[in-house]
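Remarks on the structure that follows.
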Protein chains: 2
Amino acid sequence: MAYATDEILQTLRTAREGSGLSQRDLSARIGVPQSHISKIESGGTDLRLSSLVELARALDHEVVLVPRKLLPAVEAIVRNASSALSDDARLRSSVLNRAQAAVTRLNRLHQDAPGLDRLNQAFRELSNFQLGNSELEVIRRVTDRLMKLPMNRNALPVIQSASNQLRELRNRIAHAVPEAPRPAYALDEEDEDA
Amino acid sequence: MAYATDEILQTLRTAREGSGLSQRDLSARIGVPQSHISKIESGGTDLRLSSLVELARALDHEVVLVPRKLLPAVEAIVRNASSALSDDARLRSSVLNRAQAAVTRLNRLHQDAPGLDRLNQAFRELSNFQLGNSELEVIRRVTDRLMKLPMNRNALPVIQSASNQLRELRNRIAHAVPEAPRPAYALDEEDEDA
DNA sequence: GGCCCTGATATGTTATAATAGATCATTAGG
DNA sequence: CCTAATGATCTATTATAACATATCAGGGCC
């Protein structure tokens, strides 16, 4: 039987990939070198417990000790939910891919539009956030408007409005991020408006 | 909010105590110094993952990563089962306490009986083992016979038989102990008949 | 072909887990 | 009072995680 540590590390990698994060994204988020994340996920190091907890939490997981007798029941719950979660992940993917296409088209057709830089930045950051259904709905509405954009100057206020909506959404989510406990490696205090 | 690591370490201590093991018992079982177990349980060290897995397994637990959304469901399963587990623990305690009383009485009334030393040793070791319901039933039957023991020489074959049954049970359980994976610290290969 | 992004690997330094062993303070039982 | 068992604390040594930084190889896209 495979060591449980291999399964745990595989779960970490799957959760990271499922969140659409690269190792560098996760590194930026929690302040651990990308090379170290690679080593961890590949089993090249025997992780400290506090580091495991920090990584797990960054990926919306918790470390739990479960009586062996209950392992089948717990695994069943996790399995059922991860098919639901992959539905969520698929929805997220779908919305973000369509939004990406709209943003790409926007940049091609209106490359000099005011507010475009800010819209690009807000969108890039939103792509790295955990997004609930209400946030995805906001992005979907913005995408719809960008898809219907006219070619003429009437587009400019729509672009401006889209930029504002995405930035408001980005700021709302960024401000909601809770402060994590400091483990073996600590999150640097971020100045998010910098 | 308490750090997850504190909860995990508390779960380890509770599981050890629930198994009726002292830190020295656990130390002997998994080959880690008792002082280190004390430090771990008290939060004085940031445990390696492989060490956590080894400790958890020695106490019939597994380390699992659970999506945060599912934590309430998983905690509910564990909570419900731990009241069942404490029923098990109570049954175990009850059977072992009564057997202990029978063995104590036996040692007082028949201190020179052949086989008594072996019975004492088998019983002491059995007290440190994980015991299922069938094992507890064997111990209960032996206890019943010891409780009904006559004062005269007719007791001797019953004592001998009880000694044999407990030693058979002890050997059966000792031989069933599975080999564990070798973590940061490895179980020494034990010569159990030594 | 060049650029960008990704995960993996390498080197060097520092802090600490793991180990061994001893000892202490407390509690319970005879 | 003495003994035994327990969990906690201490000292010294060794192996390695964590971190910083650089670099590599592969794949995708233009």
Side-chain angles (χ1 to χ4, degrees), chain A residues 5 8-10 12-55 58-59 97 100-101 104 107-108 111 120 124 127-128 182-188, chain B residues 5 8-10 12-55 58-59 97 100-101 103-105 107-108 111 120 124-125 127-128 180 182-188:
Chain A
T5 55
I8 288 164
L9 303 181
Q10 184 54 45
L12 280 179
R13 188 193 288 267
T14 301
R16 174 180 61 77
E17 291 172 345
S19 300
L21 297 170
S22 66
Q23 289 176 353
R24 282 178 175 79
D25 292 331
L26 185 54
S27 163
R29 179 175 291 191
I30 66 176
V32 175
Q34 172 268 321
S35 49
H36 195 46
I37 292 174
S38 176
K39 198 169 186 182
I40 289 168
E41 290 185 356
S42 305
T45 185
D46 194 349
L47 200 54
R48 301 269 181 89
L49 175 54
S50 65
S51 306
L52 174 65
V53 167
E54 178 65 11
L55 278 165
L59 301 170
N97 285 347
Q100 178 63 65
T104 300
N107 276 271
R108 195 173 61 237
Q111 58 193 329
N120 284 333
R124 190 161 44 245
S127 299
N128 285 331
R182 301 178 84 87
Y185 47 71
L187 289 169
D188 295 329
Chain B
T5 55
I8 288 165
L9 303 181
Q10 185 55 43
L12 280 179
R13 187 191 287 267
T14 302
R16 175 180 62 79
E17 291 171 346
S19 300
L21 295 171
S22 67
Q23 289 177 353
R24 281 178 174 78
D25 292 331
L26 184 55
S27 164
R29 179 176 291 191
I30 68 176
V32 173
Q34 173 269 320
S35 51
H36 195 46
I37 292 175
S38 177
K39 198 170 185 183
I40 289 169
E41 288 184 358
S42 305
T45 186
D46 194 351
L47 200 56
R48 299 269 180 89
L49 174 54
S50 64
S51 306
L52 174 65
V53 167
E54 178 65 11
L55 277 166
L59 301 171
N97 285 346
Q100 176 65 65
V103 166
T104 301
R105 177 174 177 269
N107 276 271
R108 195 173 62 236
Q111 57 194 335
N120 284 334
R124 190 161 45 247
E125 292 180 32
S127 298
N128 285 332
R182 299 178 84 88
Y185 46 73
L187 289 169
D188 294 329

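All chains are named by letter (A, B, ...) in the order of the sequence lines, taking the proteins before the strands, and each is independently numbered beginning at 1. If you're wondering where the values come from, they're calculated on a predicted model, not measured in any experiment.
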Which atom of L49(A) lies closest to which atom of L52(B), heavy atoms considered: CD1-CD2, 3.8 Å

Whole-Å distance between dA20(C) P and I37(B) CD1? 12 Å

Donor-acceptor pair under 3.5 Å, Q34(A) side chain vs dA8(C) base: yes

Go through the steps to decide whether V53(A) and S50(A) satisfy the test side chain to side chain contact (heavy atoms under 4.5 Å, CB included), and finish with yes or no. CA-CA 5 Å; V53(A) 167; S50(A) 65; 5.6 Å; no

Side-chain N or O of S38(A) less than 4.0 angstrom from OP1 or OP2 on dA8(C)? yes

Atom-to-atom span, CD of Q23(A) to P of dG7(C) - whole angstrom: 4 Å

Between CG of L12(B) and P of dG7(D) the distance, given in whole Å, is 14 Å

Could you tell me how far apart L49(B) (CG) and dA18(C) (C1') are, to the nearest whole angstrom? 15 Å

note: L26(B), atom CG; dA5(D), atom P; distance rounded to Å ~ 18 Å

Roughly, in whole Å, what's the span from CD1 in I40(A) to C1' in dG7(C)? 14 Å

From CA spacing to verdict: side chain to side chain contact (heavy atoms under 4.5 Å, CB included), L59(A), L21(A): CA-CA 9 Å; L59(A) 301 170; L21(A) 297 170; 4.1 Å; yes

When rounded to the nearest 0.5 angstrom, what distance separates CG in D46(B) from OG in S51(A)? 6.0 Å

Separation of atom CG in D25(B) from atom P in dA4(D), rounded to whole Å: 17 Å

To the nearest angstrom, the CZ-C1' distance between R13(B) and dG7(D) comes to 8 Å

Any R16(B) side-chain N or O less than 4.0 Å from OP1/OP2 of dT6(D): no

Between the protein and nucleotides 24-30 of chain C, which nitrogen or oxygen pairs come in under 3.5 angstrom?
none

Excluding sequence neighbours, so at least two apart, what forms side-chain hydrogen bond (donor to acceptor under 3.5 Å, both in side chains) with Q10(B)? T14(B)

Taking every non-hydrogen atom, the tightest pair across S38(B) and Q23(B): CB-OE1, 3.4 Å

Drop me the distance from Q34(A)'s CD to I37(A)'s CD1, to the nearest 0.5 angstrom. 7.0 Å

One pair to check against side chain to side chain contact (heavy atoms under 4.5 Å, CB included): R16(B) and L55(B). What are the steps and the verdict? CA-CA 9 Å; R16(B) 175 180 62 79; L55(B) 277 166; over 6 Å; no

Please write out the pairs of protein N or O atoms and N or O atoms of nucleotides 10-17 of chain D separated by less than 3.5 Å, giving the distance to one decimal.
unit_1: dA17(D); atom_1: OP1; unit_2: D46(A); atom_2: N; d: 3.1
unit_1: dA17(D); atom_1: OP2; unit_2: T45(A); atom_2: OG1; d: 3.4
unit_1: dA17(D); atom_1: O5'; unit_2: T45(A); atom_2: OG1; d: 2.7

Heavy-atom closest pair (H36(B) atom, T45(B) atom, distance to 0.1 Å) is CE1-CG2, 4.3 Å

